[in-house]
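So that the names make sense, note that chain A is the first sequence line, chain B the second, and so on, each numbered from 1.
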There are 2 protein chains.
Amino acid sequence: MKMIETLRSRIDLPDDICQILLRAAIKREVGKNNILFQPPRVNRKCLFIEAGLVRGYKLIDGKDYTHHFFTPGWFATDFESFISNRPASLYIETLTRCSYLEFDREVLYRLYEEHHALEKLGRIIAEKAYLFTVEKLTDLQTLDLKGRYQNLTRKNPELFRQVPQKYIASYLGVSEQSLSRIKGR
Amino acid sequence: MKMIETLRSRIDLPDDICQILLRAAIKREVGKNNILFQPPRVNRKCLFIEAGLVRGYKLIDGKDYTHHFFTPGWFATDFESFISNRPASLYIETLTRCSYLEFDREVLYRLYEEHHALEKLGRIIAEKAYLFTVEKLTDLQTLDLKGRYQNLTRKNPELFRQVPQKYIASYLGVSEQSLSRIKGR
DNA sequence: TCCAGACATTCACATTTGTTAAGAAATCAC
DNA sequence: GTGATTTCTTAACAAATGTGAATGTCTGGA
């Protein structure tokens with residue numbers, strides 16, 4: 001998934017601005033099961049995923065909580081750490097071979113200052129991240145496990161073919177056994 | 001709580017920009033137990049709360065889910081509806097007498113276009129909303145009721161003196177009886 | 001002051017989910 | 001292929017939470 005087309009579907013970007021953005025990025029490829037970011041190191045990069053699947057998770061008291069699956073078109077980073085410039089709490093690892101564009105925090109924020117259009121892009125990305133998160137929060141607050149599971153299978157069916165089920169379970173906020181139980185019906 | 005001081009604590013704003021922002025706002029006061037926004041009407045306003053307490057909640061299958069308590073310094077709106085210009089799902093009501101500054105969506109977005117500094121302000125507000133939401137989501141995903149309750153009493157103790165407990169219960173994602181049970185220890 | 005309505009607590013019981021453990025199934029490395 | 005490892009399912013039991021009902025408490029209005 002090419003970045004410029006993706007961004008242009010969300011916001012109008014002139015050609016010269018696109019070139020500036022592309023020149024700020026480093027294209028990388030990496031194999032599966034690589035840890036890209038590790039707490040508590042501050043997250044000074046964000047990665048536009050072009051292909052592959054990336055998982056963000058937290059380790060708390062030895063337990064693994066999946067926070068997000070980054071799919072092509074998303075920026076993979078510990079957004080909390082990236083925004084606030086504070087220590088990260090999110091592990092970010094590839095689940096498959098991935099290709100992505102890497103942006104540096106300082107470079108990106110300088111571009112925000114220099115170009116109003118990129119500042120606007122930053123706003124829209126932040127708004128999009130908010131919308132996604134608040135939807136997930138509402139699901140967790142108002143639906144039982146069955147409802148959340150059905151929601152996810154409807155919105156993102158291919159996830160179940162790519163991701164170990166225990167990760168999906170922790171993403172939905174339950175144990176893997178509970179998820180297995182629900183599936184049986 | 002004055003808006004300009006609050007915003008300036010988060011971002012550097014020149015005097016002339018502040019004046020432009022203030023001229024776009026309408027100052028209002030309203031008594032307690034008033035519904036300010038009601039679904040499914042699209043939320044075309046957002047309200048900077050200067051004083052008082054506002055609750056945002058959803059009604060799903062007749063059940064009441066508290067989504068957020070807007071305190072002074074916050075913008076009260078159905079941010080989902082406001083951003084996307086789609087029908088709202090959030091009821092917004094005053095819990096106490098309130099004073100606030102009202103902004104119109106079209107006016108505000110035009111100011112974003114006209115002034116880079118306000119676009120940046122919009123980005124930072126969206127980022128802040130994201131940070132708050134993701135923290136609440138992580139709490140819900142990783143803590144049991146006791147932990148979430150203790151978190152809330154630590155972060156916002158005065159809430160318990162101002163808000164009926166059943167609203168706090170639904171805010172924490174449990175029934176009022178469960179919250180009452182936990183408190184007893 | 002008194003009453004009606006809203007709110008909080010408590011209980012019993014049903015339901016859901018977590019936990020531990022065991023074994024089956026699938027996947028990976030060699 | 002084959003063995004080792006990981007993942008998935010199932011079961012039994014414990015713990016947490018939801019539900020409905022009864023009761024007590026508080027509050028605001030007539």
Side-chain angles (χ1 to χ4, degrees), chain A residues 31-35 53 55 57-66 69 91 93-97 137-153 157-185, chain B residues 31-35 53 55 57-66 69 91 93-97 137-153 157-185:
Chain A
K32 70 187 300 190
N33 298 329
N34 272 70
I35 292 191
L53 186 57
R55 182 173 80 106
Y57 63 98
K58 298 189 180 191
L59 288 180
I60 300 176
D61 298 333
K63 288 187 185 171
D64 178 315
Y65 297 93
T66 299
F69 296 109
Y91 293 80
E93 68 170 10
T94 59
L95 294 179
T96 67
R97 163 164 277 279
L137 178 63
T138 300
D139 273 10
L140 204 55
Q141 197 176 0
T142 64
L143 298 177
D144 60 8
L145 171 56
K146 200 178 201 168
R148 302 201 299 279
Y149 172 73
Q150 289 171 343
N151 254 3
L152 189 60
T153 51
E158 64 275 23
L159 205 60
F160 292 83
R161 272 173 266 128
Q162 302 177 61
V163 174
Q165 190 169 284
K166 60 178 181 178
Y167 294 159
I168 293 178
S170 78
Y171 180 75
L172 292 173
V174 294
S175 67
E176 47 181 334
Q177 293 89 334
S178 290
L179 178 56
S180 192
R181 198 153 30 192
I182 289 290
K183 277 178 62 185
R185 290 177 249 161
Chain B
K32 71 186 300 189
N33 298 326
N34 273 70
I35 292 191
L53 185 57
R55 182 172 81 104
Y57 63 98
K58 297 189 181 190
L59 288 180
I60 300 176
D61 298 332
K63 288 187 184 171
D64 178 317
Y65 297 93
T66 299
F69 296 109
Y91 292 80
E93 67 169 11
T94 58
L95 295 178
T96 66
R97 164 165 276 278
L137 178 63
T138 300
D139 273 12
L140 204 54
Q141 198 175 359
T142 63
L143 297 177
D144 61 6
L145 172 57
K146 200 177 200 169
R148 301 201 300 277
Y149 173 72
Q150 289 171 343
N151 254 3
L152 189 60
T153 50
E158 63 276 23
L159 204 60
F160 292 83
R161 272 173 265 125
Q162 300 177 63
V163 174
Q165 190 169 284
K166 59 178 181 177
Y167 294 160
I168 293 177
S170 78
Y171 181 75
L172 291 172
V174 295
S175 67
E176 48 182 335
Q177 293 92 330
S178 291
L179 179 56
S180 191
R181 195 150 38 190
I182 289 290
K183 278 179 62 186
R185 288 176 251 163

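Atom CG in A:L179 sits about 11 Å away from atom P in C:dT17, given to the nearest Å. Remark: C1' of C:dA8 and OH of B:Y149 are 13 Å apart, rounded to the nearest angstrom. The CZ atom of A:R181 sits 11 Å away from the C1' atom of D:dT9 (whole-angstrom rounding). Computed from coordinates, the A:L95 CG to D:dT6 C1' distance equals 15 Å when rounded to whole Å. Spacing between atom CD of A:E176 and atom P of C:dA21 amounts to 15 Å, rounded to whole angstrom units. Here the C1' atom of nucleotide C:dG18 and the CG atom of B:D144 are 12 Å apart, to the nearest Å. Nucleotide D:dG29 holds its C1' atom 13 Å from the NZ atom of B:K32, rounded to whole Å. Atom P of nucleotide D:dG18 and atom CG of B:D61 are separated by 16 Å, given to the nearest angstrom.
With B:Y171 as reference, B:F69 is the one residue of B:F69, B:F160, B:Y149 to meet the ring pair (Phe, Tyr, Trp, His ring centres under 6.0 Å) rule.
Between A:K63 and C:dT19 there is a side-chain N or O to OP1 or OP2 distance below 4.0 Å. Taking 4.0 angstrom as the limit, B:S175 places none of its side-chain polar atoms (N or O) nearer than this to OP1 or OP2 of D:dT17. Under 4.0 angstrom from either OP1 or OP2 of D:dT17 there lies no side-chain N or O belonging to B:S178.
Remark: the A:Q141 side chain and the B:K58 side chain contain no N/O donor-acceptor pair separated by less than 3.5 Å.
Remark on DNA chain C: of its neighbouring residues A:R148 and A:Q177, the 5'-side contact belongs to A:R148, judged by nearest-heavy-atom nucleotide.
Proximity of a side-chain donor or acceptor of A:S180 to a complementary backbone N or O of A:E176 within less than 3.5 Å is not detected.
Listed by residue number, A:G173 are the residues of residues 162-173 of chain A with a heavy-atom contact under 4.0 Å to DNA chain C.
Taking both residues in full, the closest heavy atoms of B:R148 and B:L140 are given as NE-CD1, 3.4 Å, listed atom of the first, atom of the second, then distance. Contact record, A:I60 with A:Y65: CB-CE1, 3.9 Å, taken as the closest heavy-atom pair. Contact record, A:S170 with A:D64: CB-O, 3.5 Å, taken as the closest heavy-atom pair. The two residues A:T96 and A:L53 come nearest to each other via the heavy atoms OG1-N, 2.9 Å.
Candidate nucleotides D:dT9, C:dA12, C:dT9 were compared by shortest atom distance to the side chain of A:S180, and D:dT9 ranks first.
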